[in-house]
Asks: 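Okay, handing you the structure first.
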There are 2 protein chains.
Amino acid sequence: MQYSKSTDYALHALLHMAHTRRRDNIGIKELAASLGVSESYLSKIMSKLRQDGIVRAVPGANGGYELAKPPGRITFLDVVRVIEGRQRLFECSNANSRQHRMLAEESGSEPAGDLPDSDECLVKQVMDGAERHLHQYLQEHTIQSLLDAAASRERSRTAGRK
Amino acid sequence: MQYSKSTDYALHALLHMAHTRRRDNIGIKELAASLGVSESYLSKIMSKLRQDGIVRAVPGANGGYELAKPPGRITFLDVVRVIEGRQRLFECSNANSRQHRMLAEESGSEPAGDLPDSDECLVKQVMDGAERHLHQYLQEHTIQSLLDAAASRERSRTAGRK
DNA sequence: TTATTATGGATATTCGATATCCATAATAAA
DNA sequence: TTTATTATGGATATCGAATATCCATAATAA
Ligand code: SF4
Ligand code: SF4
């Protein structure tokens with residue numbers, strides 16, 4: 001259970017774009033060289049980021065990418081969502097096993113209820129709660145906040161130099 | 001990014017064992033039948049749980065598995081750790097890229113420091129923080145607490161029946 | 001018009017998750 | 001002791017997602 005390398009690449013690409021603030025945009029060549037990854041592969045990732053409205057892209061000479069939002073409004077969760085997709089952390093695979101009936105229909109009453117009981121499953125409730133905590137934290141951190149932390153650390157390091 | 005089916009199976013196996021409290025232990029046959037998964041595969045999972053001290057196993061006739069701890073002390077995190085392994089949520093793949101130097105050695109000063117800076121990486125700090133939140137939540141939920149919730153829900157449902 | 005750049009389809013490769021089979025060891029029951 | 005039962009671990013096979021590359025096409029600036 002691990003975030004894919006694509007998430008790594010996407011985050012670093014955005015950090016690069018936010019860090020080297022220029023008027024014009026940044027081409028896939030420069031990004032790929034900076035990250036040490038092939039242009040072909042990174043372009044797929046950038047395409048996803050564009051489809052989700054995180055970056056803008058312009059083809060043609062001197063084209064490239066630029067952030068579509070201020071870096072303070074691009075959260076880690078945004079990036080994770082785009083790259084990792086929207087599949088849940090936990091997905092039940094056998095909702096019609098004996099095991100399920102034991103947990104979800106303990107009383108055996110009201111079999112005519114027939115509701116899909118997606119929200120009834122207690123295992124899923126625990127896992128969804130965990131996922132919520134994870135996502136909430138990721139939502140509180142943005143590209144900008146990381147750069148701020150880097151700058152802040154740099155200041156304290158320079159000040160504390162002997 | 002999703003927990004594997006093995007985690008699903010492990011959780012349900014433990015829930016089954018904790019739920020059907022008997023003097024004797026439960027064989028792989030009964031467990032596999034209850035979960036709707038092959039005995040071969042489930043045995044691998046149970047083996048892992050045994051190696052980690054979560055269940056005990058006795059071979060031979062009338063053998064099987066039993067919980068090695070009270071279900072109140074078996075957390076979801078325990079199970080996830082055993083099955084999913086101990087790989088981190090985020091693992092940097094290119095710590096020697098230009099991108100890294102931009103973020104981690106902004107000042108360019110003290111290149112002789114040479115410390116492995118595993119704790120210096122700000123990206124990793126964010127991701128590790130997210131992982132901590134996820135794990136903390138999983139640690140607060142146990143096999144017992146889920147069964148308690150099921151029983152509690154059952155009571156309120158029975159009481160509220162028209 | 002030309003060179004440059006992003007886009008998306010197709011495809012190949014790798015690797016972990018999933019799954020099964022079997023020989024062996026250990027244990028209880030007969 | 002003998003036999004049947006059960007867990008264990010090694011070997012192996014299969015599948016699918018992640019990773020990666022290539023290429024034809026569209027779009028844009030020079
Ligand atoms: S209890 Fe929940 S996780 Fe378990 S089988 Fe039923 S729906 Fe799936
Ligand atoms: S900044 Fe952190 S995540 Fe990025 S390349 Fe350096 S070590 Fe890896």
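Naming convention: chains lettered A, B, ... in sequence-line order (proteins, then strands); numbering from 1 in each chain.
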Asks: Below 4.0 angstrom from OP1 or OP2 of dG9(D), is there any side-chain N or O of R50(B)?
Replies: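 For dG9(D), OP1/OP2 do have a side-chain N/O of R50(B) under 4.0 Å.
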Asks: Could you state the atom-to-atom distance from CD1 of I28(A) to C1' of dT28(D) in whole Å?
Replies: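 Atom CD1 in I28(A) sits about 17 Å away from atom C1' in dT28(D).
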Asks: Given atom CE of M17(A) and atom C1' of dA6(C), what is their separation to the nearest angstrom?
Replies: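 Going from CE in M17(A) over to C1' in dA6(C) covers 13 Å.
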Asks: Scan for side chain to side chain donor-acceptor pair (under 3.5 Å) pairs involving residues 45-59 of chain A, sequence neighbours excluded, and state none if there are none.
Replies: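 Passing the test, one end in residues 45-59 of chain A: R56(A)-E66(A).
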Asks: Please report the distance, rounded to the nearest Å, between CZ in R56(A) and P in dT7(C).
Replies: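 Whole-Å distance recorded here is 13 Å.
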Asks: Where do I28(B) and E39(B) come nearest, in terms of heavy atoms and distance?
Replies: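 So the minimum-distance heavy-atom pair works out to CG1-O, 3.9 Å.
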Asks: Y41(B): what forms a side chain to side chain donor-acceptor pair (under 3.5 Å) with it, not counting sequence neighbours?
Replies: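 Only S6(B) meet the side chain to side chain donor-acceptor pair (under 3.5 Å) criterion with Y41(B).
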Asks: Give a yes/no on whether any side-chain N or O of N62(B) is located under 4.0 angstrom from OP1 or OP2 of dA29(C).
Replies: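 It does, given that an N or O in the side chain of N62(B) lies less than 4.0 Å from OP1 or OP2 of dA29(C).
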Asks: Roughly how many Å is it from CG in L49(A) to P in dG8(C), rounded to a whole number?
Replies: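 My rounded result for the distance is 13 Å.
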Asks: Are H133(B) and Y137(B) an aromatic pair by the rule of ring centers under 6.0 Å?
Replies: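 No, they do not, as the ring centres are separated by 6.0 Å or more.
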Asks: Without decimals, in angstroms, what is the distance between K29(A) NZ and dT5(C) C1'?
Replies: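 Spelled out: NZ on K29(A) to C1' on dT5(C) is 9 Å.
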Asks: Roughly, in whole Å, what's the span from CG in L35(B) to C1' in dA19(C)?
Replies: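 Going from L35(B) (CG) to dA19(C) (C1'), I get 15 Å.
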Asks: When you check every protein heavy atom under 4.0 Å of nucleotides 17-26 of chain D, what one-letter string (B, S, -) results, 5' to 3'?
Replies: -SBBBB----
Asks: Please report the closest heavy-atom contact between M46(A) and A13(A), naming both atoms and the distance.
Replies: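 Shortest heavy-atom separation between M46(A) and A13(A) comes out as SD-CB, 4.0 Å.
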Asks: Between D78(A) and T75(A), does any side-chain donor sit less than 3.5 Å from a side-chain acceptor?
Replies: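 Note: D78(A) and T75(A) side chains meet the donor-acceptor criterion.
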Asks: How many whole angstroms separate atom OH of Y65(A) from atom C1' of dT28(D)?
Replies: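 Y65(A) atom OH is separated from dT28(D) atom C1' by 14 Å.
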Asks: Write out the stems for DNA chain D, ordered by first number and formatted as range with range, counting runs of at least 3 consecutive Watson-Crick or G-U wobble pairs under 3.5 Å.
Replies: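 Ordered by first number, the stems with DNA chain D (at least 3 consecutive pairs each) read C:1-30 with D:1-30.
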Asks: Which part of the nucleic acid, if any, lies within contact of Q51(B), taking any heavy atom under 4.0 Å across all strands shown: a base, the sugar-phosphate backbone alone, or nothing?
Replies: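 Touches sugar-phosphate only.
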Asks: Could you list the residues that satisfy side chain to side chain donor-acceptor pair (under 3.5 Å) with H135(B), not counting sequence neighbours?
Replies: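 Partners of H135(B) under the side chain to side chain donor-acceptor pair (under 3.5 Å) test: none.
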Asks: Any heavy-atom pair between the side chains of Y65(A) and V55(A) that's under 4.5 Å?
Replies: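 Yes, side chains in contact.
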Asks: Can you list everything that forms a side chain to side chain donor-acceptor pair (under 3.5 Å) with H16(B)? Sequence neighbours excluded, please.
Replies: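 Checked H16(B) against side chain to side chain donor-acceptor pair (under 3.5 Å); matches are Q99(A), E30(B), S34(B).
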Asks: Output the rounded distance in Å from CE (M46(B)) to P (dT8(D)).
Replies: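 Result: 8 Å.
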